[in-house]
Amino acid sequence: MIDQQDNIYATAAEKVDDFKFDHQVAGVFNDMIRRSVPGYSQIINTIGNFASDFVTPNSNIYDLGSSLGAATLSIRRRVEDKQCHIYAIDNSESMINRCRENLNAFKSETPVSLICSDIRDINISNASLVILNFTLQFLPSVDRDALINKIYQGLKSGGALIISEKLCFEDNAIQQLLDKHHLDFKRSNGYSELEISQKRSALENVMLPDPLTTHQRRFQSAGFSHFSVWYQCFNFCSMVAIK
Ligand code: GEK
């Protein structure tokens with residue numbers, strides 16, 4: 001598939017609407033996420049490596065908020081001999097349609113069910129690996145504990161949740177410092193000041209990052225035995241929690 005360049009916010013809008021994962025975003029998503037999220041490629045690649053660590057034969061794998069299927073593809077390559085079933089779930093029909101094209105571009109023996117649904121409405125069972133790669137931050141805050149609890153209940157003992165998020169910081173000096181470096185990262189990837197500020201307005205009410213302490217509290221109260229940050233660059237991090 002042709003990787004279109006993200007210039008959605010390049011021209012000044014009279015009013016910036018709330019961000020939506022619509023047809024326009026799905027068309028440029030690959031470029032958008034790589035130029036906006038430091039470490040994205042490394043995280044996707046490492047999710048595949050985690051699959052080698054955690055996926056057990058005849059188990060289920062869930063990619064929640066799968067977008068164009070980058071994590072699903074990274075995992076699928078590593079589990080061909082495990083008779084697993086991958087569930088890739090996203091509530092954006094545009095994302096699901098493009099994801100289907102991406103998955104069909106590669107041959108595989110591992111079945112993938114692509115489901116257009118809200119991740120709050122799906123069942124999780126017999127899971128050895130669950131991925132929430134930059135998805136939880138888009139859920140209303142009040143629904144986040146319940147989702148992490150549901151994931152814990154659906155995981156097999158020894159199974160893992162990999163969750164990547166933008167973080168916010170209780171310490172204002174750290175918040176400002178890491179935010180500044182993230183903005184520099186976006187500038188260095190060719191985003192203009194206008195694009196940066198309009199995208200920021202669009203996301204303001206839609207993407208609400210938690211501090212690390214909230215994630216840790218959630219893992220603990222869900223019952224996870226082990227959890228740690230395994231990657232951080234500026235205000236973006238990825239964590240692993242093991243049942
Ligand atoms: C990747 N994981 O490339 N139910 C289902 N899907 C949802 C919901 C919901 N309630 N809320 C948001 N989404 C991907 C990147 S992007 C992250 C994930 C970002 C979906 C939404 O449609 C979008 O595709 C995805 O979650 C978030 O590894 O854009 O920063």
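Whatever order the structure lists them in is the order used to number ligands and atoms, beginning at 1. Note that the structure is a prediction, hence the values are computed from the model and not measured. Index from 1, following the sequence.
Shortest contact from atom 22 (O) of ligand 1 to any protein heavy atom: Asp90 OD1, 2.6 Å.
Within 6.0 Å of CD on Glu93 lie no more than 12 heavy atoms contributed by other residues, nucleotides or ligands. Other residues, nucleotides and ligands contribute over 12 non-hydrogen atoms within 6.0 Å of the CG atom of Asn104.
For the pair Asn91 and ligand 1, the shortest N or O to N or O distance falls below 3.5 Å. At under 3.5 Å, not a single nitrogen or oxygen of Phe138, backbone or side chain, sits near a nitrogen or oxygen of ligand 1. Checking only distances, Asp118 does come within under 3.5 Å of ligand 1, N or O to N or O. Considering backbone and side-chain N/O of Ile119, one or more are found under 3.5 Å from N/O of ligand 1.
Of the possible donor and acceptor atoms, one in the side chain of Tyr62 sits under 3.5 Å from a partner among the backbone N and O of Ser125. The backbone N or O of Tyr9 sits less than 3.5 Å from a side-chain atom of Gln198, completing a donor-acceptor pair.
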Would Cys233 and Tyr40 satisfy side chain to side chain contact (heavy atoms under 4.5 Å, CB included), going step by step from the backbone distance to the final call?
CA-CA 10 Å; Cys233 184; Tyr40 176 76; over 6 Å; no
Tell me, with the steps shown, if Leu132 and Leu147 meet side chain to side chain contact (heavy atoms under 4.5 Å, CB included).
CA-CA 10 Å; Leu132 269 172; Leu147 181 68; 4.0 Å; yes
Candidate pair Asp121 and Lys150, rule salt bridge (charged side-chain N to carboxylate O under 4.0 Å, His left out), full reasoning
CA-CA 10 Å; Asp121 299 334; Lys150 177 169 80 172; over 6 Å; no
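Screening Ile75, Leu64, Ile86, Ile44 for a side-chain contact (heavy atoms from CB on, under 4.5 Å) involving Ile131 leaves a single residue, Ile75.
Atoms of ligand 1 found under 4.0 Å from any heavy atom of Asn133 (numbered from 1 in listed order, with element): 1 (C), 2 (N), 14 (C), 15 (C), 18 (C), 28 (O). For ligand 1, the atoms lying closer than 4.0 Å to a non-hydrogen atom of Thr135 are 18 (C), 26 (O). Applying the 4.0 Å criterion to heavy atoms of Ile44 picks out, from ligand 1, the atoms 28 (O). Near Ser92, meaning under 4.0 Å from one of its heavy atoms, ligand 1 places the atoms 22 (O). Listed by number with element, the atoms of ligand 1 under 4.0 Å from a non-hydrogen atom of Leu139 are 10 (N). For ligand 1, the atoms lying closer than 4.0 Å to a non-hydrogen atom of Met95 are 24 (O).
Ser117 counts as a contact of ligand 1, since one of its heavy atoms falls under 4.0 Å from the ligand. For Ile47, the closest heavy-atom approach to ligand 1 does not fall below 4.0 Å.
When the heavy-atom distances from atom 3 (O) of ligand 1 to Tyr40, Phe236, Phe134 are ranked, the shortest goes to Tyr40. One option in Ser36, Pro140, Cys116, Gly65 has a heavy atom closer to atom 14 (C) of ligand 1 than any other, and that option is Gly65. In this structure, of Ser164, Gly69, Ser67, the residue bringing a heavy atom nearest to atom 18 (C) of ligand 1 is Ser67.
By the 4.0 Å N-to-carboxylate-O rule, Asp184 lies too far from Lys186 to be salt-bridged with it.
Of the N and O atoms on the side chains of Asn133 and Ser164, at least one donor lies less than 3.5 Å from an acceptor on the other residue.
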